[in-house]
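To start, the structure under review is shown below, and the notes come after it.
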2 protein chains.
Amino acid sequence: MTGSSGYPPFAVTVDLVILSVGEEGLEALVIERGEEPFRGELALPGGFVLEDETLDAAASRELAEETGLRERHLEQLASYGEPDRDPRMRVVTVAYLAMTPDPPALTAGTDAAAASWVPVRSLARKHLAFDHRKILRDGVDRARAKLEYTTLATAFCPREFTIAELRQVYEAIWGEELDPRNFSRKVLSTEGFVVPTDATITRGGGRPARLYRAGPASELSPPLRRPRSFARQRP
Amino acid sequence: MTGSSGYPPFAVTVDLVILSVGEEGLEALVIERGEEPFRGELALPGGFVLEDETLDAAASRELAEETGLRERHLEQLASYGEPDRDPRMRVVTVAYLAMTPDPPALTAGTDAAAASWVPVRSLARKHLAFDHRKILRDGVDRARAKLEYTTLATAFCPREFTIAELRQVYEAIWGEELDPRNFSRKVLSTEGFVVPTDATITRGGGRPARLYRAGPASELSPPLRRPRSFARQRP
DNA sequence: TAAATAGTGTCTCTAAGACACTATCAT
DNA sequence: ATGATAGTGTCTTAGAGACACTATTTA
């Protein structure tokens, strides 16, 4: 125990890594900060946890406030608490990871003067406020890993989607091309991954594709393994 | 922003799920609390994060303080911040997961009047202070999952170990028997999982077993899959 | 010797990867 | 018709599971 009140006081915030798959591949929602510190720089959306609020509730509230998104998937990512990560005071932030179908229109909130979707590829080279670059990278890594052994990819798809669209989610996040035929076979043979509807849709010429919805399964067993791009030794 | 100082003050603690594999299978280190609240109840070891301390450093310090353990593996697990999880004040705890070879002797610290290793099986039915039951369960779930796709199991083994000992780690944590011969083949054929030494050891009759050390690999690819105990339909 | 544990070889089966082939649309 | 996209079938191969068999110790 230290100090008069028995413990050092902290501020606790939540920060959100919100991902979507758009024209430019995997994109993240970032805001341009309207206040010091880091005014004018890009940052992840987030804010203080309120007095009587659960961490999950704070994340959910920030997600709604800053984007007005209908919530598809929101999970805790990790916590970050370097003593100097915020120049104003000692702050521990609990990062959350959210996914949403094709980048929706944004209802910018008070803090988020300029929220926008930015391709993750281009963010990788840019500077972000605080330690948000690392948080973003951790979020993307988590998403990449979870595609392998969960049905998470459906969270990036609208309510009804084709197998090709689901595959494009994998391809955008993994940055690898997948064989459409083998992918289709794998998805359809994994019970509960997707459930077929009666509808089909034509996206622009070619045989119409059947539409599916997300199924009840949450884990993929056996997993859908990401292609390991090794230079295989050929003796 | 709320309040005069602009944000609600929190206490931040770290709590540790410290696992080991002993006589009774998977065991966790718990302390009997010497103070209110929950005096006399079992709890996970932990404590406040200090003014100028990283979260990782706080976890590392608590691990050393409460157990004197040499650190084999320590990773952040998740954060817990229900408003009422501590009756004294608003506390967010960042839980960490640690593994150590066979339950070592304990150097009880100030707070840890009675630290002891308790089989996880028996803890599953007991009450723990705060929300530590959930934290423990999350830690065990994480460990179970990570055995599949990482070399984490070696963190439960002493510096030199036999394949049979490594297998017993898997069996204790998964609660499933594995075929010794297939397990051996899998481990030895996964490059970098273990590296052989020249030494062998006889554990009590039978052919001597070769001793290995943990190898440089950290991920298992392809994974060592946990047997799914499904009641397979036999038509 | 028997019993115990370590370790190898081999067969089978599942599932992934490669890719030919068929199906159904727009033009 | 042609080209594009959707979807099926088939061959090959990697790797998991089952388990016979060999190796080396203690009792």
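What separates CG of A/L211 from C1' of D/dA6 is a distance of 12 Å, to the nearest Å. Distance B/R207 CZ to C/dA2 P: 20 Å, rounded to the nearest Å. The interatomic distance linking A/R210 (CZ) with C/dT24 (C1') rounds to 13 Å, in whole Å. Rounded to a whole Å, the CD atom of B/E176 is 14 Å from the C1' atom of D/dG17. Atom pair B/D179:CG and D/dA20:P shows a separation of 11 Å (rounding to whole Å applied). The CD atom of B/E177 sits 15 Å away from the C1' atom of D/dG17 (whole-angstrom rounding). For A/I201 and C/dC25, the CD1 to C1' distance is 13 Å, given to the nearest whole Å. Distance CD (B/E165) to C1' (C/dG7): 16 Å, rounded to an integer number of Å.
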Filtered N/O pairs between nucleotides 9-16 of chain C and protein, under 3.5 Å:
from: C/dA16; atom 1: OP1; to: A/K186; atom 2: NZ; distance (Å): 2.7

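With sequence neighbours excluded, no residue forms a side-chain hydrogen bond (donor to acceptor under 3.5 Å, both in side chains) with A/R144. By the side-chain contact (heavy atoms from CB on, under 4.5 Å) test, B/R85 is found to be paired with B/D15, B/Y80, B/E82, B/V91, B/T93, B/F130, B/D131, B/H132, B/I135, residues two or more places apart in sequence or in another chain being considered.
Closest approach to the A/T202 side chain among C/dA26, D/dT24, C/dA6 is made by C/dA26 (side chain taken as heavy atoms from C-beta onward).
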Listed pairs under 3.5 Å, donor-acceptor, residues 185-196 of chain A side chains, sequence neighbours left out:
from: A/R185; atom 1: NH2; to: A/N182; atom 2: OD1; distance (Å): 2.7
from: A/K186; atom 1: NZ; to: A/P222; atom 2: O; distance (Å): 2.9
from: A/K186; atom 1: NZ; to: A/P223; atom 2: O; distance (Å): 3.4
from: A/S189; atom 1: OG; to: A/R185; atom 2: O; distance (Å): 3.0
from: A/S189; atom 1: OG; to: A/K186; atom 2: O; distance (Å): 3.2
from: A/T190; atom 1: OG1; to: A/K186; atom 2: O; distance (Å): 2.8

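Residues B/R225 and A/S221 have side chains that bring a donor and an acceptor to within less than 3.5 angstrom of each other.
Within the structure, the side chain to side chain donor-acceptor pair (under 3.5 Å) test picks out the following pairs touching residues 149-163 of chain A (sequence neighbours left out): A/E160-A/R213.
Once rounded to the nearest 0.5 Å, the distance linking CZ of B/F161 with OG1 of B/T197 reads 9.5 Å.
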Should A/Y170 and A/L224 be marked as a side-chain contact (heavy atoms from CB on, under 4.5 Å) after you check the CA-CA gap, both sets of side-chain angles, and the distance that decides it?
CA-CA 10 Å; A/Y170 275 90; A/L224 204 165; 3.9 Å; yes

Tell me, what's DNA chain D's dot-bracket, Watson-Crick or G-U with both distances under 3.5 Å, | for other-strand, [ ] crossing?
|||||||||||||||||||||||||||

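Looking at B/Y96, its side chain does come within 3.5 Å of a backbone N or O of B/D56 through a donor-acceptor pair.
Contact check on B/D138 versus B/K134 returns a salt bridge, with a Lys/Arg side-chain nitrogen under 4.0 Å from an Asp/Glu carboxylate oxygen.
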